[in-house]
Amino acid sequence: MFSGFCLYKRSSIVSRAFHVGKEFANLSTEDIVFRAVCVNLRQRKWKVLEQMTPSFTNSLVSRVVCEFRQSPKLALEFYTWVGQSRHFSHSLESSCAIIHLLVNMRKFDEALSIMGNLMLANSVSPLEFTERLLDSYEICDATPAVFDALVRACTQIGATEGAYEVIQKLKVNGLVSIHAWNNFLSHLLKLNEIVRFWKVYKEVVSCGYVENANSFNLLIYALSCQKMGVMSGDNVLPNSVTYNCIINGFCKIGRVAVAEEILNDMIKAGVDCNVRTYATLIDGYARGGSSEESLRLCDDMVERGLVPNTVVYNSIIHWFLAEGDMEGASLLLSDMIEKHVYPDQFTYSILTKGLCRNGYVTQAFKFHNQVVEKHIIEDAFSHNILINYLCKSNNLAGAKQLLSSMIVRGLIPDISTYGALIDGYCKEGNIESAVQLYENMIKRIGLLDVITYNTLINGYCISGKIAEAFALFDEMRSAGISVDKVSYNILINYLCKFGCFQQAKELTKVMILHGVVPDFITYTTLCTNFSKNCSPEEVIELHDDMVLNGVIPDRQTYKAIISPLLGKKSAEEHGFMDLSNHH
DNA sequence: ATAGGGTTAG
């Protein structure tokens, strides 16, 4: 009887297990804990989770992080929370899972800092790191960008050989992007390892990589470091003009920090830096919106015994006004006058434009008239700015009047004056007059620039004549005028407006192929139009594509369009909307 | 003598 009872009980358990199905039959303890954690994490029952921490293993935590990769915020929260538990410390395995996640979220800084820490504090070797990231690559839905981040982390902590080993290891799998190579090349330049730079550069080319703008920038910088000395057998060394050219180049592509490093190199090399060097850098920082850095350099130059001149003041005043800082600009103007730094043609046009763009139109005209009365206007700029303003505000009559007085004052209308008027006609829908003016202009000036072409292309687009617009676009090329990003931006914008989204995307590809890098305006144009007409997935894909092609997203657009899509998407998929708001 | 600042496109 007793044995019979036992037998019965046992067989009942076995048969129940069978009934529950295969699913549970092979479950390990970890699988059970894993499911329990997922259920409770989904409901954010942290207290229940707390009780489970003694059974947490590294592989379990990695699995949970991967499982929640579509809800990256929750996964990250879990990872941080579990790291604080006294029962648990993160391993390389769980760190890899969170790194993949952070890279997918584009939180590169956070990913880099975890990577750097693991290599420095936990002495994880770059190669081992690569292997573990590869192990978890598939299950974590990772992207190759994670390896760009690893190379970057290596160079950041000074592990030059490590970075190179990582690249070599990944080369076999085709997982090394041009970004990773560029980062490594740039690191070599920072170390002044010019010979090795060229060796690695050759390797990049022989691997069949297509260099992007950044690679060429590095190349130019590398050449600039040695060029002259090598070619002349050290007989000719770079002088201040050489350095200033290079500094200007880096400022104009927005890499002002690099430009300032070159200034330091210049000082180290014993080459005198002058007012032009500082004027270039000050403009570079101001252009990039770092007015504080600009002012810091002003102090630096004064400390070096250099006196800021009109160019320096003009530059800062211009960018202050562009940012809407009227007060800062007017203080600088007073300072300029007080220090007897005399305003010039540039100053007048900067102030005229600044007053207009900040809504002080009456003052702009008043100021302009004062300057004109003193007969100190020598070029067409100020007139052009005002004619432009009038055309933009549909006051074509006023624009023509100002054109007449300009001619009376002995100033010859230039390509920009015509451009503004043509633009005015186009905006008014009077494409015939626009074309007539354009033809007259060719007779008079005999040359056309890219701006005039762009204005006309834009005019054709406004009046819906897209075929004519594209014909001009082609004509431009046959006339030997290089199509610039404005030309592309205009056409991309109108393709979107006409609902040709696929074609807009194609044209962006052509643009990139022709070496014209899309900018934040291309980005904003495409994102805005796509978000109104396409699915969230398409918009996100578009964003990703552009970023991968080196476009720097416009912050406002990203915040208004992309980031809500990402948040909403992952929240909706998992029904966390309400819960996450309460947390 | 060669190097720096102002007008066009969303």
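By convention in this document, chain letters (A, B, ...) are assigned in the order of the sequence lines, proteins followed by strands, and residues within each chain are numbered from 1.
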Please tabulate, one pair per line, all N/O donor-acceptor pairs under 3.5 Å involving side-chain atoms of residues 490-507 of chain A, not counting sequence neighbours.
residue: A:Asn493; atom: OD1; partner: A:Lys497; partner atom: NZ; Å: 3.1

In whole angstroms, the gap separating C1' of B:dA3 from CG of A:Leu263 amounts to 14 Å
Let's see if you can work this out: which of B:dA9, B:dT2, B:dG6 has an atom nearest to the side-chain heavy atoms of A:Val486?
B:dA9
Counting only distance, no hydrogens or angles, is the base of B:dG6 paired donor-acceptor with the side chain of A:Ser349 under 3.5 Å?
yes
Give the nucleotide from the list B:dG10, B:dG4, B:dT7 with an atom nearest to the side chain of A:Phe520.
B:dG10
Flag, side chain of A:Ser315 to backbone of A:Val312, donor-acceptor distance under 3.5 Å
no
Of all of residues 487-512 of chain A, which get a heavy atom below 4.0 angstrom from DNA chain B, listed by number?
A:Asn489, A:Asn493
Going by heavy atoms closer than 4.0 Å, what residues in residues 278-293 of chain A are next to DNA chain B?
A:Ala279, A:Thr280, A:Asp283, A:Arg287
Could you give the side-chain donor-acceptor pairs of residues 364-377 of chain A under 3.5 Å, partners two or more places apart or in another chain?
residue: A:Asn369; atom: ND2; partner: A:Phe365; partner atom: O; Å: 3.3
residue: A:His375; atom: NE2; partner: A:Glu373; partner atom: O; Å: 3.4

With a 4.0 Å cut-off on heavy atoms, is A:Asn274 in touch with a base, just the backbone sugar-phosphate, or nothing at all?
base
Specify the closest pair of heavy atoms between A:Asn274 and A:Leu306, including all atoms of both residues, with the distance to one decimal.
C-CD1, 3.9 Å
Separation of B:dT8 atom P from A:Tyr425 atom OH, nearest Å, is 20 Å
Between B:dG10 (P) and A:Asn454 (CG): distance, integer Å
11 Å
Which part of the nucleic acid, if any, lies within contact of A:Thr557, taking any heavy atom under 4.0 Å across all strands shown: a base, the sugar-phosphate backbone alone, or nothing?
nothing
Of the candidates B:dA3, B:dG6, B:dA9, the side chain of A:Asp423 sits closest to B:dA9
Using a heavy-atom cut-off of under 4.0 Å over every strand shown, decide if A:Asn309 touches base, sugar-phosphate, or nothing.
base
With sequence neighbours left out, the residues meeting ring-ring contact (aromatic ring centres under 6.0 Å, His included) with A:Phe346 are none
List the atom of A:Tyr313, the atom of A:Pro308, and the distance in Å for their closest heavy-atom pair.
CE1-O, 3.9 Å
Selection from B:dG4, B:dG6, B:dT8 that lies nearest to any side-chain heavy atom of A:Asn248
B:dG4
Between A:Lys392 and B:dA9, does any side-chain N or O lie under 4.0 Å from OP1 or OP2?
yes
Residues passing the side-chain contact (heavy atoms from CB on, under 4.5 Å) test with A:Ser416, sequence neighbours excluded, are A:Asn384, A:Asp414
Minimum-distance pair of heavy atoms, taken over all atoms of A:Cys251 and A:Val256:
SG-CG1, 4.2 Å
Given B:dA9, B:dA3, B:dG6, which nucleotide is nearest the side-chain atoms of A:Lys427?
B:dA9
With the side chain of A:Ile521 defined as its heavy atoms from C-beta on, choose the nearest nucleotide among B:dG6, B:dG4, B:dA9.
B:dA9
Shortest non-hydrogen separation from A:Ile350 to A:Leu321 and the atoms involved
O-CD1, 3.7 Å
Any N or O donor-acceptor pair under 3.5 Å from the base of B:dG6 to the side chain of A:Asp379?
yes
For A:Lys353 and B:dT8, is the shortest distance between a side-chain N/O and OP1 or OP2 below 4.0 Å?
yes
Scan A:Thr524, A:Thr525, A:Thr522 and name whichever one has a side chain to side chain donor-acceptor pair (under 3.5 Å) with A:Asn489.
A:Thr522
